[in-house]
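Report on the following structure.
The structure presented is a predicted model; accordingly, all values stated were derived computationally and were not measured.
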Amino acid sequence: MKNMVLVIGANGQLGSVLVKALRRTFGVKNVISSDVYCKNKSEDIFEVIDATDMTRIQDVVIKYKVTQIYHLAAILSAKGEENPLATWQVNMKTLFNVLEVARKNNLDKVFFPSSIAVFGQGAPAENTPNNVSLDPTTVYGISKVAGENWCNYYFNKYGLDVRSIRYPGIVGYQSLPGGGTTDYAVDIFHKAVLNKKFQCFLKKDTTLPMLFIDDAIRATLEIMSVPKTDISVRTSYNLSGISFSPEEVVHEIRKLYPDFEVTYQPDFRQEIAATWPKSIDDDKARKDWGWKPQYSLEEIAKIMIKKLRNYYHTDIRSLESLSV
Ligand code: AKB
């Protein structure tokens with residue numbers, strides 16, 4: 001049967017790049033991008049979907065005969081703390097809507113992104129294993145733990161093929177992240193390229209697991225492409241790229257911008273980061289679907305700077321629309 005893919009939350013940091021990769025894999029006409037508003041008027045197939053509205057998801061699924069959903073819409077860790085109950089409502093309701101539409105319409109597959117935010121102080125900070133105590137401190141983390149368990153439930157109870165990855169912080173040049181604790185690792189490159197000072201909201205030695213956007217996209221395509229029987233983890237897979245701290249990024253940036261100025265003013269996001277792992281054991285992902293990250297911090301820094309230099313020097317108008 002033909003694959004018809006729906007990406008919900010396609011305007012975000014991961015979604016905007018994933019849609020392009022999926023279109024290269026499945027063909028432009030077979031991937032529907034969707035979000036609560038249309039960001040790019042020249043988008044190939046775009047549908048406005050507020051994922052809290054189950055009927056709207058159902059209508060789009062029927063209209064295009066959708067076979068797979070990538071459900072990326074969520075309120076992230078830092079933003080989520082501003083309004084915990086609303087964050088819970090949005091993150092859980094959208095997931096239930098997707099799972100129910102997928103079940104009722106017998107969809108082939110669903111992708112649900114989880115996060116390192118599922119971990120709390122009950123898990124070892126170094127080489128955190130896949131299967132450990134999960135005691136998150138943010139409502140985002142709690143919603144991801146619950147979400148993982150609901151995905152497992154839908155697989156066991158209804159046979160729905162839901163697959164999931166616990167993403168580390170994602171570093172990419174294509175769009176700004178919004179509302180996360182790991183966002184500094186993108187913002188810092190924008191500031192360096194714009195010759196601005198950077199004020200970091202984490203302490204300089206706060207090491208967190210991170211992943212370059214190309215690795216994140218490849219991991220997503222890989223987990224979704226292997227046979228159903230290869231997936232032994234039906235909650236979510238740990239995924240590791242590299243681990244670094246703000247001072248290590250600054251060190252890389254100063255190789256190209258020796259005068260780059262950084263100050264550290266830790267805020268509530270430091271408390272969140274302090275409960276997250278420093279490094280991740282992704283043995284299960286490596287064994288089950290052959291996961292292997294490719295990018296080092298040095299390579300990431302070089303690519304980020306090259307791409308952002310190009311971006312800012314060629315499109316000054318877009319610069320005004322970015323709140324960096
Ligand atoms: C966040 O910082 O909230 C996200 C995440 C690690 O899931 N980037």
Side-chain angles (χ1 to χ4, degrees), residues 1-36 38-40 43-52 54 56-58 60-61 63-76 90-103 105-115 143-144 147-148 150-151 154-155 160-167 170 172 174-175 177 211 213-226 228 231 234-237 239 285 289 291:
M1 198 173 71
K2 193 171 106 172
N3 288 300
M4 186 57 94
V5 179
L6 170 63
V7 180
I8 295 178
N11 289 349
Q13 192 198 12
L14 187 63
S16 51
V17 189
L18 183 64
V19 164
K20 290 196 179 83
L22 288 167
R23 284 188 172 143
R24 282 194 295 274
T25 306
F26 295 109
V28 168
K29 291 200 172 80
N30 299 322
V31 179
I32 306 127
S33 150
S34 78
D35 211 309
V36 282
C38 183
K39 197 163 139 186
N40 175 6
E43 185 79 69
D44 288 297
I45 309 179
F46 183 88
E47 291 283 342
V48 172
I49 294 182
D50 173 350
T52 60
M54 196 197 296
R56 178 69 188 133
I57 303 174
Q58 168 77 15
V60 172
V61 164
K63 177 174 168 189
Y64 293 95
K65 298 192 173 60
V66 167
T67 61
Q68 301 183 19
I69 299 181
Y70 290 69
H71 170 46
L72 309 180
I75 300 176
L76 299 186
V90 169
N91 290 2
M92 296 314 296
K93 188 160 175 40
T94 56
L95 175 62
F96 286 132
N97 287 347
V98 168
L99 291 175
E100 271 301 277
V101 169
R103 179 183 73 82
N105 294 277
N106 290 317
L107 299 201
D108 289 346
K109 284 177 213 169
V110 172
F111 180 75
F112 170 67
S114 187
S115 160
S143 73
K144 288 298 181 189
E148 289 184 4
W150 276 103
C151 291
Y154 268 71
F155 174 73
L160 183 64
D161 187 2
V162 195
R163 305 179 184 195
S164 175
I165 287 173
R166 290 175 181 153
Y167 292 106
I170 296 175
Q174 295 92 335
S175 65
L211 191 66
I213 185 80
D214 289 16
D215 271 343
I217 298 297
R218 188 169 49 80
T220 314
L221 297 179
E222 283 175 7
I223 191 179
M224 290 299 275
S225 68
V226 295
K228 195 174 171 176
I231 304 292
R234 286 295 175 173
T235 47
S236 190
Y237 280 95
L239 194 81
W289 41 277
W291 167 245

Check whether any side-chain heavy atom of [X] sits under 4.5 Å from a side-chain heavy atom of [Y], and report yes or no.
{"X": "Leu14", "Y": "Tyr70", "answer": "no"}
{"X": "Arg234", "Y": "Arg163", "answer": "yes"}
{"X": "Leu18", "Y": "Leu221", "answer": "yes"}
{"X": "Ile165", "Y": "Trp291", "answer": "no"}

inquiry  = If I compare all heavy atoms of Val66 with all of Ile69, which pair ends up nearest, and what's the gap?
reply    = CG1-CG1, 4.1 Å
query = What are the two closest non-hydrogen atoms of Leu72 and Gly15, and how far apart are they?
reply = CD1-CA, 3.4 Å
message = Walk me through whether Thr67 and Leu107 qualify under side-chain contact (heavy atoms from CB on, under 4.5 Å).
response = CA-CA 5 Å; Thr67 61; Leu107 299 201; 5.7 Å; no
Any side-chain donor near an acceptor of the partner, Glu148 and Ser114, under 3.5 Å = yes
query = Near Lys29 NZ, under 6.0 Å, is it more than 12 heavy atoms from other residues, nucleotides or ligands?
reply = no
Distance, nearest 0.5 Å, that separates CD of Gln13 from CD1 of Ile213 = 5.5 Å
query = Looking at Leu99, Thr235, Val162, which one forms a side-chain contact (heavy atoms from CB on, under 4.5 Å) with Trp150?
reply = Leu99
message = As a quick check of understanding, evaluate side-chain contact (heavy atoms from CB on, under 4.5 Å) for Phe155 and Val110, giving each step before the final call.
response = CA-CA 10 Å; Phe155 174 73; Val110 172; over 6 Å; no
request  = Evaluate the criterion side-chain contact (heavy atoms from CB on, under 4.5 Å) for residue pair Phe46 and Val19; output intermediate values, then yes/no.
outcome  = CA-CA 11 Å; Phe46 183 88; Val19 164; over 6 Å; no
request  = Measure centre to centre between the rings of Tyr237 and Trp289, then say whether the value is under 6.0 Å.
outcome  = yes
request  = Measure the acute angle between the ring planes of Tyr167 and Phe111, then classify it against the limits of 30° and 60° as parallel, tilted or perpendicular.
outcome  = perpendicular
task = Take Glu47 and Arg56 through the side-chain contact (heavy atoms from CB on, under 4.5 Å) test and state the conclusion after the steps.
result = CA-CA 10 Å; Glu47 291 283 342; Arg56 178 69 188 133; 2.8 Å; yes
